[in-house]
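Naming convention: chains lettered A, B, ... in sequence-line order (proteins, then strands); numbering from 1 in each chain. Everything numeric here is computed off the predicted structure, so don't read it as measured data.
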Amino acid sequence: MTLAPQYDPLAIESGIYKRWLDAGVFTANAESDDDPYVIVIPPPNVTDVLHSGHGLNNTLQDVLIRYQRMRGREAVWLPGTDHAGIATQNVVERALAKEGKSRHDLGREKFVERVWEHVGKTGNTILEQLKAIGCSCDWSRTRFTFDEDYSLAVRKVFVDLHDAGLVYRGQRVIHWCPRCHTSLSDEEAEFKDKAGHLYHISYEVIDPKDGGPREAVVATTRPETMFGDVCLVLHPEDERWGSYEGTTVRIPLTNVEIPVRTSNAVERDFGTAILKVTPAHDANDFDIGEQLGGFDRPVIIGEDAKMMDVSRVPEVLRGLDRFDARKETVEQLKANGQLVTVENYDHAVRHCYRCRTAVEPLLSNQWFVHMKPLSEPALEAYKTGRLKFVPERWGKVYEHWMTNIRDWNISRQLWWGHRIPAWFCENQECDHITVAMETPESCGKCGGSVRQDDDVLDTWFSSWLWPFATFGWPKATSDLQRFYPGHTLVTAPDIIFFWVARMVMAGYHFMGDTPFETVYLNGVVRDPQHRAFSKSLGNGIDPLDVVELYGADALRYTLVAGAAAGTDIIMDRNDLEATFAAGRHYANKCWNIGRFIVSNLDGPATPMNELGETDLELADRWILSRCQRTIETVTDSLDRYRLNDAASAIYHFIWDELADWYVEQVKPRLYGTTPGGETARGVLSHVFETALKLLHPIIPFLSEELWGHLAGERQGLLAAASWPVVEHKRVDETAERAFSRVQAATSAIRTVRAEYRVPPGKPVRAIFQPADENALSDFESERHTIERLAKVSELVMGADAADEVGAHAVLPDGSSVFVPLGDAIDVETEVARLSGEVERIEKQLAGVKAKLNNEKFVSRAPQDVVDRERDKERSWKEQRETLAAKLRALGV
RNA sequence: GGGCGAAUAGCUCAGUUGGUUUAGAGCGCCUGCCUUACAAGCAGGAAGUCGGGGGUUCGAAUCCCUCUUCGCCCACCA
């Protein structure tokens, strides 16, 4: 079969993927005795299709899983998707809005149906995209966080934690998104710096002391909340306290009177050092109110973020949006002479992580998880090293969050999500809440009728169970038995708190062990302005576009090679050609080497172990040795999660060593112009097959295709092949040293040819002057290689060339090559060139000499370092001598 | 306010515990080649005061201090 000279990924990829599926290579067997290796996918949100961040994340996972599968582990990569409560609800609501409808127009049931319709489509697309980039997921185990079984697990977790006293209902000031109309956890309410103002407002003292102040000036960024104030506070050691003690003040624009009190929470050097306390609209004020005791918590802003129609709020403000109310309040204060001053003030304001709306702190009843007890084993796991992070620095981020953990608000006022299994008693007198797996008939306390909580659970309250709920928990399945705990989690750093930390907590609480041993954090994919990809900026790259243009392998190679552990990766959507060139070129190169080998084999080559050792030439021993080193480097790099190093090692082995040198060296043997064709074919096949194995985790499609042409019939699929092991007897330092001399001589002659513009077709003579006997014999054995690759008509050994005119090059081992050029040399140009060379060498030599003249260096540096310097010195000196001789020959 | 990361060739980045590096790669650039695996290629080449300053050391891109610029995270100074 002949192969096309251009690699066409589209022509092979889908066929290859189907072969993998048909062979069941990705399906793990829970009954197998092999050591398992487990990765659970960070389930993509069903809101949308995949972007290049997913491309990176999933490629890395696939590299690891394919590698471990080839190492003989029972590898399972569990795929799936996340229902992504708030995010998905928003997407569908936006779609509805385009039809001029709201979710309320549909009603809860119809709306949820509509969401299911949406996730059916996107969920499938996502899984197909993963296949397109080559992900070797175990599709037989695909899960969705809203599957029936999974939902039961979520419900059980809620009930169990409630029974254990770790889930409770409480009234707190929570983060409320007025746009999404739900409460949020601390993590979901992100800080963003906002330019704002600090308004200094005068509160009138109603009953001033003799000579005491008649006003109390308060600094606030949110004047509109003052109608919910219950007191003002000073620091207890504030010298002004005496004159305020026992007084009351009037909230501006109202007749509401509130006392003045003290609290340590006041920062004495901020603002006016007098703080207004608004317990229903600020979490800190809630705490201060609690601490002082005896205060109501007047609510004056509603869930729609509008000023409420309550007596505390001046009539003109009622019904106004909070921001309009702020402006209006300021106007009124100004008119009243109660606005003392306004400062510009930048401060961090929390925003909804889904819609970017400023979050409103609101007093509300919600469900919470008591986190402290859950965090302890999770923190311990990190401290003892049971749980590791790559790169390590993220461990500190995890530790800090775990150490300062706060309770988790898990109830959401949404319709898309796991309904909370709690039932309120409809009897006004009874405040009992029934929490149960099954829908209760009646109130567990008074027997009255019950009504289920309308709220749903935070989407992360289901995701945190992913590593075990996906394997069938709470049932004691064989999957759970075999595949928990897992091994590696590959994800982005921005969900360490949302997801990673909570999975560890759930893992310890429900399974008694960490869900994974290593958390590998990949970087963020950014545009050339270093902005993260986002839909609103439109700067993203669709991985499928890249697959279509250049193939999945080119995409994968680029991502893996570009992603040193945890560093961001920059991609330019306006120049895909340049961004993916390396991967594309490389795929084509591999394709052509494969083509060359296939076309030069006549049936299977002789296996390595049947070749006669004495038939091996220097080049054979060299490439076999280099191959062992590459196995070692790639294996070691993958084990240490240095995927870019693995990519680079196999890249350079195949291109720079196998293709550029070995393939060129064996051509005469393959063509039959020199003997030894059988050996050449055997070594070439062996080495290339090994290289394909090393290549496969990163470039699965192409490697599988070529494998099919070379070894497939004998050895089955590459995806199921075994990882190569280092054969130490093949590591041959002597051959490496000898062949590198051959390479150096060839390059030197080529350089001479190029510099003197010897026409490509015209052969030159070269005179080799060996440094020692070994050098001489190596050259003898490879003389045809050098002659062919450097286009030398005659390679003379050891002739004296002192009085000929030509170019001279010294090799690293001290041997030298002289190329007589006769008329080709223009004396003036040559003198200039040589003088430049001399200058450069003098500089190097000066550096080396300074080092060797330094007694401390000679006495303290390790011997081999010093020896190296001595070698350098000798080599530079020789080169200088050679050049001097040349210059003399030219009459200088 | 605290913490973290980044700064190396025109661009995007490697550089593992300080010394086999005369600081590397890919892309781009320059020169010459359609040499029967590959022009998505081959051969050769130019290009860097390793962000600035100081220090430790025989020796620093690498360790310490400091400054500058960018980015990220955390944080109850309203």
Check your understanding: Taking only residues two or more places apart in sequence, or in another chain, which ones meet D186(A) in a salt bridge (Lys or Arg N to Asp or Glu O under 4.0 Å)?
Key -> R406(A)
Point to revise | Side-chain donor-acceptor pair present, E188(A), Y353(A), cut-off under 3.5 Å | key: yes
Check your understanding: What distance, rounded to whole Å, do you find between the two P atoms, one in rG5(B) and one in rU66(B)?
Key -> 14 Å
Check your understanding: With sequence neighbours excluded, what pairs up with W401(A) under the ring pair (Phe, Tyr, Trp, His ring centres under 6.0 Å) test?
Key -> F497(A)
Review point. Mind checking whether W591(A) and Y7(A) have parallel, tilted or perpendicular rings, split at 30° and 60°?
Key: tilted
Revision key, fill the gap. Applying side chain to side chain donor-acceptor pair (under 3.5 Å) to H585(A) and not counting sequence neighbours gives none
Check your understanding: Rounding to a whole Å, what distance do you find between K791(A):NZ and rC42(B):P?
Key -> 13 Å
Check your understanding: Which whole number of Å gives the distance between the P atom of rA61(B) and that of rU49(B)?
Key -> 14 Å
Practice item. Rounded off to whole Å, could you give me the CD1-to-C1' distance for the I569(A) and rG5(B) pair? Key: 17 Å
**Study point:** Protein-nucleotide distance (H585(A), atom NE2; rC27(B), atom P), rounded to Å
**Key:** 6 Å
Review point. Taking atom P in both rG15(B) and rG24(B), what distance in whole Å separates the two?
Key: 15 Å
Point to revise | Distance-only donor-acceptor check, side chains T673(A) and K667(A), under 3.5 Å | key: no
**Study point:** Where at least one partner belongs to residues 264-287 of chain A, residue pairs that pass ring-ring contact (aromatic ring centres under 6.0 Å, His included), sequence neighbours excluded
**Key:** F270(A)-Y345(A)
Review point. Want to settle it: does D8(A) or N592(A) sit nearer the 5' end of RNA chain B, counting the closest nucleotide to each?
Key: N592(A)
Practice item. By nearest nucleotide on RNA chain B, pick out whichever of P760(A) and Y651(A) is the more 5' one. Key: Y651(A)
**Study point:** Whole-Å P distance, rG52(B) and rA60(B)
**Key:** 15 Å
Check your understanding: For T630(A), what residues pass the side chain to side chain donor-acceptor pair (under 3.5 Å) criterion, not counting sequence neighbours?
Key -> none
Review point. CG of L706(A) versus P of rA37(B): gap in Å, rounded?
Key: 16 Å
Review point. How would you label the contact of Q6(A) with the nucleic acid (heavy atoms, under 4.0 Å): base, sugar-phosphate, or nothing?
Key: base
Check your understanding: Sequence neighbours excluded, which residues qualify as ring pair (Phe, Tyr, Trp, His ring centres under 6.0 Å) partners of F701(A)?
Key -> W20(A)
Review point. Between H200(A) and E343(A), do the side chains contain an N or O donor and an N or O acceptor separated by less than 3.5 Å?
Key: yes
Study note, to complete from the structure: Whole-Å distance, I496(A) CD1 to rC4(B) C1', equals 11 Å
Review point. Is any side-chain nitrogen or oxygen of K667(A) closer than 4.0 Å to OP1 or OP2 of rA37(B)?
Key: yes
Shorter than 3.5 Å, N or O on both sides, protein versus nucleotides 14-24 of chain B: list them out with atom names.
| residue | atom | partner | partner atom | Å |
| --- | --- | --- | --- | --- |
| rA14(B) | OP1 | T567(A) | OG1 | 3.2 |
| rG15(B) | OP1 | R642(A) | NH2 | 3.0 |
| rU16(B) | O2 | R640(A) | NH2 | 3.4 |
| rG19(B) | O2' | R868(A) | NH2 | 2.7 |
| rU22(B) | OP2 | K872(A) | NZ | 2.9 |
| rU22(B) | O2 | R840(A) | NH1 | 3.4 |
| rU22(B) | O2 | Q844(A) | NE2 | 3.3 |

**Study point:** Integer angstrom distance from the P of rG48(B) to that of rC34(B)
**Key:** 32 Å
Check your understanding: Just how far, in rounded Å, is P of rA25(B) from CG of L643(A)?
Key -> 22 Å
Exercise for review: State whether the side chain of R261(A) and the backbone N or O of V233(A) hold a donor-acceptor pair below 3.5 Å, judged by distance alone.
Suggested key: no
Review point. Under 30°, 30 to 60°, or over 60°: which ring-plane class applies to Y671(A) and F596(A), parallel, tilted or perpendicular?
Key: perpendicular
Review point. Counting only non-hydrogen atoms, which of residues 652-666 of chain A are less than 4.0 Å from RNA chain B?
Key: H652(A), W655(A), A659(A), D660(A), V663(A), E664(A)
**Study point:** Qualifying residues under salt bridge (Lys or Arg N to Asp or Glu O under 4.0 Å), relative to E787(A), sequence neighbours excluded
**Key:** R783(A)
Check your understanding: What interatomic distance, in whole Å, is found between C1' of rC73(B) and the corresponding atom of rU12(B)?
Key -> 25 Å
Practice item. Give a yes or no on this: more than 12 heavy atoms of other residues, nucleotides or ligands lie within 6.0 Å of atom CG of D602(A). Key: no
Study note, to complete from the structure: Separation of rG26(B) atom P from L559(A) atom CG, nearest Å, is 19 Å
Point to revise | Pair R326(A) + E224(A), salt bridge at N-O below 4.0 Å | key: yes
Please write out each protein N/O paired with an N/O of nucleotides 29-31 of chain B under 3.5 Å, distance rounded to 0.1 Å.
| residue | atom | partner | partner atom | Å |
| --- | --- | --- | --- | --- |
| rU31(B) | O2' | R757(A) | NH1 | 3.1 |

**Study point:** Side chains of H197(A) and N344(A), donor plus acceptor under 3.5 Å
**Key:** yes
**Study point:** Distance between P atoms of rU62(B) and rG1(B) (Å, rounded)
**Key:** 29 Å
Exercise for review: Spell out protein contact along nucleotides 73-78 of chain B as letters: B when the base is contacted, S when just the sugar-phosphate is, - when no protein heavy atom is under 4.0 Å; keep the 5' to 3' order.
Suggested key: -SBBBB
Point to revise | Interatomic distance where OH belongs to Y398(A) and C1' belongs to rC4(B) [whole Å] | key: 19 Å
Check your understanding: Is any side-chain N of the basic residue among E360(A) and R322(A) closer than 4.0 Å to the acidic one's carboxylate O?
Key -> yes
Check your understanding: Dot-bracket for RNA chain B, 5' to 3', counting Watson-Crick or G-U wobble pairs under 3.5 Å, with [ ] for crossing pairs and | for inter-strand pairs?
Key -> (((((((..((((.....[....)))).(((((.......))))).....(((((..]....))))))))))))....
Check your understanding: With distance as the sole criterion, is a donor-acceptor pair present between the side chains of Y586(A) and D553(A) under 3.5 Å?
Key -> no
Practice item. Would you mind classifying the nucleic acid contact of R750(A) as base, sugar-phosphate or nothing, using non-hydrogen atoms under 4.0 angstrom? Key: sugar-phosphate
**Study point:** Pairwise P distance, rU16(B) and rA7(B) [rounded to whole Å]
**Key:** 12 Å
Check your understanding: How would you label the contact of F286(A) with the nucleic acid (heavy atoms, under 4.0 Å): base, sugar-phosphate, or nothing?
Key -> nothing
